[in-house]
4 protein chains.
Amino acid sequence: MIHVGIYGATGYTGFELIKLLHHHPQVQVRFATARSAAGQRLNDIFPTLLDTPLISAEEANPGDVDFVFCCLPHGASAPVVQQALEAGARVIDLSADFRLRNPDDYARWYGKGQPHPAPALLEHAVYGLPECYRERIRTAQLVANPGCFPTTVILALYPLLRAGLLGDAPVIVDSKTGISGAGRSLSLRTHFSEAHETFSAYNIGRKHRHLAEMEQETGQRIIFSPHLLPVVRGILSTIYVMVPPATDLADLYEAYRIFADEPFTHVLTEEKLPELRHVVGTNFCVIGATMAMADHTAGQAILVSVEDNLVKGASGQAVQNMNLMAGLDETMGLIERPA
Amino acid sequence: MIHVGIYGATGYTGFELIKLLHHHPQVQVRFATARSAAGQRLNDIFPTLLDTPLISAEEANPGDVDFVFCCLPHGASAPVVQQALEAGARVIDLSADFRLRNPDDYARWYGKGQPHPAPALLEHAVYGLPECYRERIRTAQLVANPGCFPTTVILALYPLLRAGLLGDAPVIVDSKTGISGAGRSLSLRTHFSEAHETFSAYNIGRKHRHLAEMEQETGQRIIFSPHLLPVVRGILSTIYVMVPPATDLADLYEAYRIFADEPFTHVLTEEKLPELRHVVGTNFCVIGATMAMADHTAGQAILVSVEDNLVKGASGQAVQNMNLMAGLDETMGLIERPA
Amino acid sequence: MIHVGIYGATGYTGFELIKLLHHHPQVQVRFATARSAAGQRLNDIFPTLLDTPLISAEEANPGDVDFVFCCLPHGASAPVVQQALEAGARVIDLSADFRLRNPDDYARWYGKGQPHPAPALLEHAVYGLPECYRERIRTAQLVANPGCFPTTVILALYPLLRAGLLGDAPVIVDSKTGISGAGRSLSLRTHFSEAHETFSAYNIGRKHRHLAEMEQETGQRIIFSPHLLPVVRGILSTIYVMVPPATDLADLYEAYRIFADEPFTHVLTEEKLPELRHVVGTNFCVIGATMAMADHTAGQAILVSVEDNLVKGASGQAVQNMNLMAGLDETMGLIERPA
Amino acid sequence: MIHVGIYGATGYTGFELIKLLHHHPQVQVRFATARSAAGQRLNDIFPTLLDTPLISAEEANPGDVDFVFCCLPHGASAPVVQQALEAGARVIDLSADFRLRNPDDYARWYGKGQPHPAPALLEHAVYGLPECYRERIRTAQLVANPGCFPTTVILALYPLLRAGLLGDAPVIVDSKTGISGAGRSLSLRTHFSEAHETFSAYNIGRKHRHLAEMEQETGQRIIFSPHLLPVVRGILSTIYVMVPPATDLADLYEAYRIFADEPFTHVLTEEKLPELRHVVGTNFCVIGATMAMADHTAGQAILVSVEDNLVKGASGQAVQNMNLMAGLDETMGLIERPA
């Protein structure tokens, strides 16, 4: 039995993680922390029958557990991660603190000019996308769980990169996310009467923080336009890429065969396109592809990539990483009830 | 041209009111107040092209206008209403401060034990439901605009009361409201990710404040169960009443003929039932009725009553009241674009 | 390993059932039938990665399997059930064909005057609500899986009945259902643009077929008002019952202790009320209760009962019944990923 | 008073048109046709209090009216338009039959290879986008009302074209539409339980018919990806264009000043972006613009354009065209109740 602790259990990723871990056959949750809700139970906060007690971070003992999951905001996460590593736990950090290898990138995108809070740890952190870094994840002490948008984008682009099908032109990523991606903190933007029966773009161009992660992992210049969908869960990214002139659909699908044995990344063929319903509630990322101009030689391809932002885009991927790190079947606790 | 001022323009009823008044052919808005948004313009706050300037309440001069609309929270409204009346304006108060005739009821339901802030005004206030108090509204200095739930309930029950069809049994009111009814203040209950894809009951039984208004106006004992619908606008109330044993459907419809000439209250026949789509965006209340037990003599009737909570349930009804008070056509500025 | 076959796999209950059975550790699906989609695969019809082949009913051999699940429409189900029983399979019928013990009730509510298609089987059918008929279900050859609305209503009333807390007054049931309850057949009523951003009542009073089942199982006279919610899944029933004058909240909760050991029926205390989010995607029915009039002796209680109409209200309950019939742990394959 | 007739009143554009015309101060609706609903009234079909009688197309006399609005499907529209013109009526056709000037384009995109049904009329038809063709519309006998997607796209691109800011690179249009755009015909794709709580792309690349209209009016090569939003009304198009290298945001806004006096097209400044809520229920198209790469010289601009697909994208624009043709104030009947 693996013993785990969770910091930050009262956000949406923390709650999703506890539910997943509760049903994982090899895991026992030893502690779950909360700030203002410390002293309460999980079912005082969420519509669940799970009555996991919530303690303060100060009461938690990371030395007691094999794995620590850190679901705190960026900046708040790094010191807790450091403490847990020092106490001997292996850590899966769901914040952005250890995703960017270059500390300057952290300072620019997250730090408001302040330096990274624990730069010495950066070189030990492994970017937790199993499809790209599976072997390194197995032995990592610290895994930086990817951001929700980047997971859809990197998984769609990685096979084309590996096949040499991406050129110099900027990649245009038009993403649409369910509102749980904005978290549980209250804001007018996520107030029901302001967010329902509407649809909007925000931080378009080169303003959103997840851009740094996408560019780091793909080496492409990216234009990124996130939009807010009036649904709770799910991300769909429509991705416009230039491929070499003679490339056809068969070449794309051939490139994606690199994912043929992936347990959670699935590529549709015959120009079929995935939709949110394929993946909501599951740990799958499903990808479709088409050539934009059947009647032209110009190489414009369109990729559509979907995931549940709270599962493959956060807590499910964290469990997948833990399974790898612990030497368990990678799918354990994750493939019940797919769509 | 009628000059008006609005206190509290940045809540949903205030915004709806400004939009209605902007298109009213006989109205000019002289001022609109806001608290934290004073100094900004309406289109800084809401998705609108109207750039009405927002001033602080202190800067507003109620002596400048013919009518004051007060969209402030209960308790905060009474002193502003008093000041406006003293300055010579006629007032339509959209808060609960002057709806309950008995100051003890105010203290119990709204005052947390504190007495009513302006009890001397209570006897001059007219309950602003035109279908019941049209003549008194025409000459009133102070109109207390009804609550959203009570409008659906009182309009459904009033004709049966007048026809002597209601007995002693408690009336059961099962209401469902769009989330804009909870206002623009942030709360987890109205956070998109907590309010979407769900449905819940709250304050059921005899706990909701609007009960006092319903009982005052109908003289019935009422059991009231509000529910929160995952839509922005609209209330549908399903109302269970006991009628005398021999009553049949024709008797119900005969009673509702009292509304035959009403411009904004419409009764469906042939057991047709209204739904939210009939009324969202309009000032209509639409009512349907049926006998529960076609095969029994027992007199259980079911009424279904719908409105847009921000229009007939608040700001539209306020404009209807202003039209009456100003001697204008009661429907002016209100019947464009019904469903 | 248990071998099962499914008739009618392309409706929502059929699809939900296949997904549940696919992840059941002791079940192997031998066949799944479809009418117009015979020859295709499940992932041609639904957004899923499961590629279960769909065959015609004529190609299916019920003699090959231990259990047959019948997800056909009422009327179409009975002959298939009869054939499966004769072939030696045990049957769980999700249609209404064997729910009503009195064949006259079937003729009246479902038969349009025509007699029951297989009346001889009625006396052998067990009503598949484990909370009420667990022991009889274990040994049954034919289980009639309950309707979606009745499951919420019977589970809420049954403990009060057993405790002698229900009297003669009609019970008022105001139910709200997600639109998947209307099935996969196309209609204007379930066309997105007609069903979204609205809310409506239908078949209120004593018109809905599920009334027969509720009255059969509770012995109460019931007034039933179903409403259509703009969500896909979930039923919330608000139930108004008269209890003896001296009854208080503690008495209600005491009555519900009969469910203390139930794996899938949970009763909230302290006047907490369940909402759809508690149960969507799970096999749970969650119940809350309150006394309507804290300040009166009159015994009006309000019960709120929720379930996922496709899980506890249909396919999940079917699997729960199969587990009982097969001597397996009643929760097998059902408690992964609760809310 | 202007007399008008409507062919095809029971689709969503027909219904929206009747509601608009009913409140137009200078219009009287003389007839409204329906096929299967002929003989019924509008409120038998839609949730409205309008009881406009519906007659068959055969009973309608276009010679009786000044203007005919044709809301029939493409192909069915042309003969009715021809007949109405011959009877002396001026015609606003909401179908695609007269939008494409080149009959070969019609044959390819709409005709399934069959030739245009009334090619002689094509040269007389004016493309009914007032922002581009106002003077020609005033005197036209036949106006081809633009498609819903093209209206958002052409209005966003036209000022940049006029200012010489568009080059040779294909324009990428990523559009998201409410489901009413798919019409009132039943299909699984628009079945509530299949279309809610999801989001999907369809006909992406160069497959959607509206591409022809966009390319005709802009002269640009376009890649077009429509997506289906889980809302009833509204289109948001995110448009990626290459502008000359030295172009900056001020140049974009300068180009858009060509719309400064437009009554229904509004351009936001300061990088503000419009959202669906700005325009649903109104005849406005609102546009925002930003440069993608603040830190690069490469000229990638992003435009966001929104409208209500049933108003500015169809019936409101048709009324705007009628106002122009009749010499009325262009905004008559259209500016009540904007957001």
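The figures that follow rest on heavy atoms only: side chains count, while hydrogens, waters and symmetry mates do not. Each chain gets a letter, A, B and so on, in the order its sequence line appears, and its residues count up from 1.
- With a 4.5 Å cut-off on non-hydrogen atoms, C:Ser185 touches chain D through its backbone but not through its side chain.
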Practice problem: Run the numbers on C:Glu197 and D:Arg233 for salt bridge (charged side-chain N to carboxylate O under 4.0 Å, His left out), then give the verdict. | Solution: CA-CA 10 Å; C:Glu197 296 176 18; D:Arg233 284 159 170 262; over 6 Å; no
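- For D:Asp174, the salt bridge (charged side-chain N to carboxylate O under 4.0 Å, His left out) partners are A:Lys176, D:Lys176, not counting sequence neighbours.
- To the nearest 0.5 Å, the span separating CD on C:Glu194 from OG1 on D:Thr190 amounts to 10.0 Å.
- Considering only heavy-atom pairs separated by less than 4.5 Å from chain D, the leading option among C:Gly183, C:Pro230, C:Ala182 is C:Pro230.
- At a 4.5 Å heavy-atom cutoff, D:Thr198 makes no contact with chain C through either its backbone or its side chain.
- For chain C, the option among D:His196, D:His191, D:Arg184 with the highest count of heavy-atom pairs below 4.5 Å is D:His191.
- C:Ala195 is linked by a side-chain contact (heavy atoms from CB on, under 4.5 Å) to C:Ile179, D:Phe192, counting only residues two or more places apart in sequence or in another chain.
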